[in-house]
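Working notes, beginning with the structure itself.
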Amino acid sequence: MAFFIGVAIQRALAMLGLGPEDPHEWLENVTSDSALDWAKERNAHALRTLGNPHESKTYEQILKILDSKDKIPYVKKIGDKYYNLWQDKKHLRGLWRRTTLEEFQKPDTQWETVLDLDALNEKESENWTWKGSTPCDLGPDVHTDLVLLRLSRGGADAVVVREFNVDKKEFVTENAFFLPEAKSSVCYKSRDVLLVGTDMEEGSLTDSGYPRTVREWRRGTKLESSVEIFSGEKEDVAVSGYSYYDRGHTYELVDRAMTFYTSQKFLRRDGKLIKVEVPDDTELSTFAGHFLISLRKEWKLQGKVYPSGSLLSAPVDSLIAGDTSDITPLFVPGERTSLEHHVGTLNYLVLIVLDNVQTKLQYWKYDHKESTWINEERSWSPPDMARVSAIALSPDEDDQLWLIRTGFTAPTTLFLGSAAGNVDPVEVKQLPAQFNATGLRVSQGEAVSKDGTRIPYFMIAREDMKLDKSNPTLLYGYGGFEISLLPYYMASVGVGWLERGGIFVQANIRGGGEFGPKWHQAALKEKRHKAYEDFIAVAEHLLEEGVTSRQHLAIQGGSNGGLLVGNMLTMRPDLWGAVVCQVPLLDMKKFNKLLAGASWMGEYGNPDIPEEWAFLKAYSPYHNVKKETKYPPTLFTTSTRDDRVHPGHARKMVARMIEYQGTRNVTYYENIEGGHGGAADNKQRAFMTTLTYKFLSATIGKKMSSL
């Protein structure tokens with residue numbers, strides 16, 4: 001009832017000219033009674049309309065996949081043990097457990113429980129969700145027994161940091177480091193000193209809600225007495241400090257992120273900060289005694305031009321002394337090749353390269369004695385459009401690698417290999433087939449965007465698919481923040497969509513990182529429309545080829561992808577049979593004032609600058625909903641506990657659409673927990689996923705087999 005009163009008050013004020021410019025602004029008050037009552041009523045409407053996912057066999061199938069004991073338990077090395085966070089139907093929030101490398105390679109690995117999160121929640125009457133661990137890693141010759149655990153209430157980005165002793169398997173109680181709930185940045189500098197940035201007092205955070213300072217905090221003293229070693233500006237995105245050991249070298253770095261894509265980097269030596277003179281838009285890391293410099297834009301240096309997307313190496317001592325004569329290019333992009341990321345072992349740098357959105361590995365060897373690089377001139381590509389990634393086991397000790405191979409229809413396999421290439425990788429773990437992929441074919445196609453740019457996409461469909469425009473097709477996209485959409489084993493998509501005769505298409509539009517920084521920058525700020533033109537081009541190509549038709553075509557995206565499909569809803573409502581918009585940004589007038597939104601102005605622009613609001617308004621879905629336009633059925637989902645993208649975006653969009661056109665084509669579900677991922681445990685994940693497929697079945701998939 002409270003939300004009906006809230007709406008009535010808002011409308012009455014508006015009629016008197018006393019209301020806010022935004023009549024739905026009250027829905028931004030995340031946990032107010034009126035806003036939560038509104039959300040609960042919309043949730044009830046969604047379940048009345050679509051049915052309860054808990055009653056669907058697809059829910060049971062997806063939950064079985066998520067809880068399966070056959071999942072690959074990815075591990076992180078701390079000391080001489082390998083740690084994993086495991087969730088299943090008995091351990092909803094998870095077991096933090098460990099084993100040895102030898103034991104991990106056995107089919108039935110025996111694990112030792114270190115911390116039971118569900119038991120901890122019961123003991124402390126809390127709602128902890130695992131957000132990771134930071135060990136006190138001072139090098140391979142120093143025993144690691146202390147870690148900082150990051151625990152979140154309900155899946156939010158803000159965490160409580162607590163110190164834990166892995167030898168004793170208990171929280172440290174005497175002179176322990178502890179940080180209350182905040183979006184903190186923290187690591188060990190030594191056993192008794194932390195580098196920390198957190199919410200301490202007014203002015204300690206940036207406008208984006210992240211730390212503005214880096215401080216040294218000594219064990220046994222109050223946080224308030226910690227020593228500030230660096231301070232950024234309130235308008236910055238964040239300031240972070242890092243201390244770590246790297247192949248015989250110890251580094252202490254400070255990163256001042258002025259925007260999402262620009263930062264100043266400082267090396268701290270003997271208590272003094274030395275600015276690393278590289279372009280602000282580069283990414284900086286280290287390998288032994290060298291800086292690794294990833295270029296987002298072209299860098300002209302001493303008569304040489306290093307193109308955007310290159311990876312360079314420079315000796316640390318030379319670069320901080322201003323000497324740039326000894327730079328080695330380790331990767332230079334081609335027209336359709338880019339560097340996805342790189343991984344270092346003790347003696348090798350492994351490059352994960354994308355060649356027309358398909359991965360391959362390339363290798364450089366590092367000569368520690370001469371401090372030089374040797375191009376191994378060897379590469380490896382997985383078959384059948386699969387994807388491969390690599391993780392170093394012990395980069396300060398050996399050249400072992402975890403190699404992870406996955407594909408849209410190929411179950412993920414974990415191999416143990418060596419960057420040296422002197423032994424064949426050994427299969428350690430493999431997912432069993434979790435859906436029936438018989439008769440499915442993975443293909444790669446291209447559409448041509450409005451300006452002539454070739455836009456690749458992956459399609460998973462039956463080999464005997466008829467091009468008769470009748471196929472239920474789900475088109476997925478993201479197109480932002482230089483994030484590449486690559487092949488992955490889609491068990492939930494397989495069960496909920498592909499097995500039932502649906503087609504899945506993943507579009508590699510501009511704004512992503514599939515072809516390096518230039519591909520991303522082509523859709524920044526006032527050029528955002530390029531990403532939307534690309535997505536429309538892929539959709540229209542599917543229609544032209546006879547794959548599907550408008551009434552059988554749905555689109556899906558989350559977060560920035562939610563902004564994408566929100567714009568597709570308002571720009572081209574005629575093109576879609578249904579829209580799934582998840583944890584979205586939708587109000588581009590206020591995004592920079594809601595939670596972490598200020599940090600994304602480097603991606604979208606600043607709506608407080610009139611010239612930038614002029615183009616932002618064109619792709620602010622909340623401001624482009626029209627009363628007279630007929631919109632396709634749309635499902636909006638979000639999470640109350642999302643402290644990254646404010647749930648007010650989705651709430652207000654739904655309220656406006658209902659205000660204009662009623663509830664017939666608008667469905668909304670808000671998970672009360674879950675953070676930006678939309679769910680906090682496997683039951684919630686299965687529920688939200690099944691809800692999506694029930695919606696798609698009720699709209700574009702009425703002739704598909706039942707859920």
Side-chain angles (χ1 to χ4, degrees), residues 76-78 131-140 142 144 146-150 157 159 161 163 177 179 182-200 204-206 208 210-219 223 226-232 236-278 280-294 313-314 316-317 319-320 341-344 391-392 395-396 599:
K76 171 184 177 180
K77 187 178 182 186
I78 299 176
K131 285 289 183 173
S133 63
T134 302
C136 181
D137 185 0
L138 305 178
V142 181
T144 300
L146 298 178
V147 298
L148 299 171
L149 299 187
R150 298 188 295 278
D157 281 356
V159 297
V161 179
E163 193 171 31
F177 288 118
L179 291 174
K183 295 180 180 180
S184 300
S185 170
V186 60
C187 71
Y188 285 97
K189 179 180 177 180
S190 68
R191 185 177 181 84
D192 295 319
V193 179
L194 298 185
L195 295 183
V196 60
T198 191
D199 187 359
M200 292 179 59
S204 64
L205 300 180
T206 67
S208 300
Y210 297 105
R212 190 179 64 83
T213 64
V214 177
R215 310 176 74 91
E216 267 194 11
W217 183 21
R218 293 193 170 275
R219 188 182 300 278
L223 177 60
S226 58
V227 178
E228 182 181 292
I229 64 173
F230 187 86
S231 175
D236 291 342
V237 170
V239 172
S240 306
Y242 309 94
S243 181
Y244 59 93
Y245 180 89
D246 181 357
R247 302 167 183 84
H249 301 259
T250 298
Y251 291 104
E252 187 176 339
L253 298 169
V254 171
D255 185 274
R256 177 201 171 201
M258 294 85 72
T259 72
F260 206 88
Y261 302 110
T262 60
S263 64
Q264 293 176 339
K265 297 89 174 169
F266 300 87
L267 176 68
R268 193 172 184 228
R269 282 185 172 177
D270 302 323
K272 296 181 180 179
L273 288 170
I274 306 167
K275 188 172 185 296
V276 184
E277 296 296 344
V278 293
D280 287 346
D281 56 6
T282 60
E283 293 183 358
L284 193 72
S285 58
T286 60
F287 187 107
H290 282 240
F291 280 128
L292 298 178
I293 307 163
S294 299
S313 173
V316 170
D317 291 339
L319 195 60
I320 62 174
H341 64 282
H342 53 80
V343 176
I391 302 171
D396 295 313
S599 66

How long is the span from the CG atom in Asp280 to the OG1 atom in Thr259, to the nearest 0.5 Å? 8.5 Å
Just do the side chain to side chain contact (heavy atoms under 4.5 Å, CB included) check on Val196 and Val161 with the steps written out, would you? CA-CA 11 Å; Val196 60; Val161 179; over 6 Å; no
Atom pair CD (Glu216) and CZ (Phe230), whose distance is rounded to the nearest 0.5 Å: 15.0 Å
For Asp317, is there an ion pair with Arg269 - N to carboxylate O distance below 4.0 angstrom? yes
Flag if over 12 foreign heavy atoms under 6.0 Å of CZ, Arg218: no
Separation between CZ (Arg191) and OG1 (Thr144), nearest 0.5 Å, reads 9.5 Å
For Thr206 and Pro211, which heavy atoms make the closest approach, and how far apart are they? CG2-O, 3.8 Å
Which heavy atom of Arg256 sits nearest a heavy atom of Met258, and at what distance? O-SD, 3.1 Å
Separation between CG (Asp236) and OG1 (Thr213), nearest 0.5 Å, reads 11.5 Å
What are the two closest heavy atoms between Leu319 and Phe291, and how far apart are they? CD2-CD1, 3.6 Å
Let me confirm one number: the CZ-NZ distance from Arg150 to Lys131, rounded to the nearest 0.5 Å. 9.5 Å
List the steps, then state whether side chain to side chain contact (heavy atoms under 4.5 Å, CB included) holds for Phe287 with Ser313. CA-CA 9 Å; Phe287 187 107; Ser313 173; over 6 Å; no
Would you indicate whether the side-chain heavy atoms of Leu253 and Lys265 approach each other to under 4.5 Å? no
Heavy-atom pair of closest approach, residues Tyr251 and Val316: OH-CG2, 3.5 Å
What closest approach, in Å, do Arg247 and Thr286 show between heavy atoms, and which atom pair accounts for it? NH1-O, 4.3 Å
Close side-chain approach of Val254 and Arg268, heavy atoms under 4.5 Å: no
Kindly indicate whether the side chain of Thr198, heavy atoms from C-beta on, has any atom under 4.5 Å from the side chain of Trp217. no
List the steps and the verdict of side chain to side chain contact (heavy atoms under 4.5 Å, CB included) for Glu252 and Ile229. CA-CA 12 Å; Glu252 187 176 339; Ile229 64 173; 3.9 Å; yes
Minimum heavy-atom separation for Ser240 and Tyr242, please, with both atom names. CB-OH, 3.3 Å
Distance col, row Leu292:CG vs Leu284:CG, nearest 0.5 angstrom, shows 8.0 Å
Distance only, no hydrogens: is a donor on one side chain within 3.5 Å (strictly under) of an acceptor on the other, for Asp255 and Ser263? yes
Under the side chain to side chain contact (heavy atoms under 4.5 Å, CB included) test, which residues partner Ser133, sequence neighbours left out? Lys76, Ile78, Trp96, Trp130, Leu149
For the pair Leu194 and Leu148, evaluate side chain to side chain contact (heavy atoms under 4.5 Å, CB included) and give the outcome as yes or no after the intermediate values. CA-CA 10 Å; Leu194 298 185; Leu148 299 171; 4.0 Å; yes
